[in-house]
Colleague: 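Pasting in a structure now, in structure tokens, and then I'll have a few things to ask.
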Amino acid sequence: MAPTLLFANRTLLVCFLALVSTVMLAYPLAGALPMSAQIGAHIGTMVFAAGLKVAYVLRLVALKRLGRPIH
């Protein structure tokens, strides 16, 4: 597997897990957190969602360069 594709896949996984974690902290568990942690969780939600999108585009670019089908 090409290094770019491997990096993109790993980044997708990390961003997805971090996004799920920040959404859980920002919404269902918000009552148990101080305001600063809630703010951080909401900011993290935006940051990791953007990271997820960038990693997906990087994955598409890597697949295209390898001549693999893009789904």
Side-chain angles (χ1 to χ4, degrees):
M1 189 179 292
T4 306
L5 183 59
L6 185 62
F7 175 75
N9 287 338
R10 287 181 180 171
T11 305
L12 271 171
L13 178 63
V14 169
C15 284
F16 176 75
L17 294 175
L19 179 62
V20 170
S21 299
T22 55
V23 167
M24 292 298 293
L25 289 172
Y27 296 101
L29 302 174
L33 297 174
M35 185 58 71
S36 59
Q38 290 181 35
I39 292 169
H42 279 84
I43 292 170
T45 299
M46 292 183 284
V47 168
F48 291 120
L52 191 71
K53 293 171 188 177
V54 170
Y56 186 71
V57 170
L58 181 61
R59 182 177 190 279
L60 293 176
V61 169
L63 286 173
K64 184 173 174 121
R65 285 186 182 169
L66 290 172
R68 293 169 129 185
I70 299 172
H71 297 110

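No experiment lies behind these values; they were computed from the predicted model shown.
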Colleague: Tell me, with the steps shown, if Leu58 and Val54 meet side-chain contact (heavy atoms from CB on, under 4.5 Å).
Modeller: CA-CA 6 Å; Leu58 181 61; Val54 170; 5.5 Å; no

Colleague: If hydrophobic clusters are built by linking Ile, Leu, Val, Met, Phe, Trp and Tyr wherever their side-chain heavy atoms come under 4.5 Å apart, do Tyr56 and Ile70 end up in the same one?
Modeller: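 Result: yes, single cluster for both.
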
Colleague: Residues in side chain to side chain donor-acceptor pair (under 3.5 Å) with Thr22, at least two apart?
Modeller: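 For Thr22 the side chain to side chain donor-acceptor pair (under 3.5 Å) partners, ignoring immediate neighbours, are Thr45.
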
Colleague: When you group the ILVMFWY residues by side-chain heavy-atom contacts below 4.5 Å and let the links chain together, are Leu52 and Leu63 in the same group?
Modeller: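 Same cluster: Leu63 reaches Leu52 through Ile, Leu, Val, Met, Phe, Trp or Tyr contacts under 4.5 Å.
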
Colleague: Begin from the C-alpha positions of Val61 and Thr4 and carry the test side-chain contact (heavy atoms from CB on, under 4.5 Å) through to its verdict.
Modeller: CA-CA 9 Å; Val61 169; Thr4 306; over 6 Å; no

Colleague: Examine distances only and state if a side-chain atom of Gln38 and a backbone atom of Ala26 form a donor-acceptor pair shorter than 3.5 Å.
Modeller: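 Pair absent, no side-chain N/O of Gln38 close to backbone of Ala26.
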
Colleague: Could I get the full list of side-chain contact (heavy atoms from CB on, under 4.5 Å) partners for Pro69, not counting sequence neighbours?
Modeller: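 Scan of Pro69 (side-chain contact (heavy atoms from CB on, under 4.5 Å), adjacent residues dropped) gives His71.
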
Colleague: Kindly indicate whether the side chain of Tyr27, heavy atoms from C-beta on, has any atom under 4.5 Å from the side chain of His42.
Modeller: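 Result yes, sub-4.5 Å side-chain heavy-atom pair found.
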
Colleague: State yes or no: do Val47 and Val20 share one hydrophobic cluster built from I, L, V, M, F, W and Y residues joined by side-chain heavy-atom distances below 4.5 Å, directly or via other members?
Modeller: no

Colleague: What side-chain donor-acceptor pairs closer than 3.5 Å can you find for residues 5-18, not counting sequence neighbours?
Modeller:
from	atom 1	to	atom 2	distance (Å)
Asn9	OD1	Arg59	NE	2.8
Asn9	ND2	Leu5	O	3.4
Thr11	OG1	Phe7	O	2.7

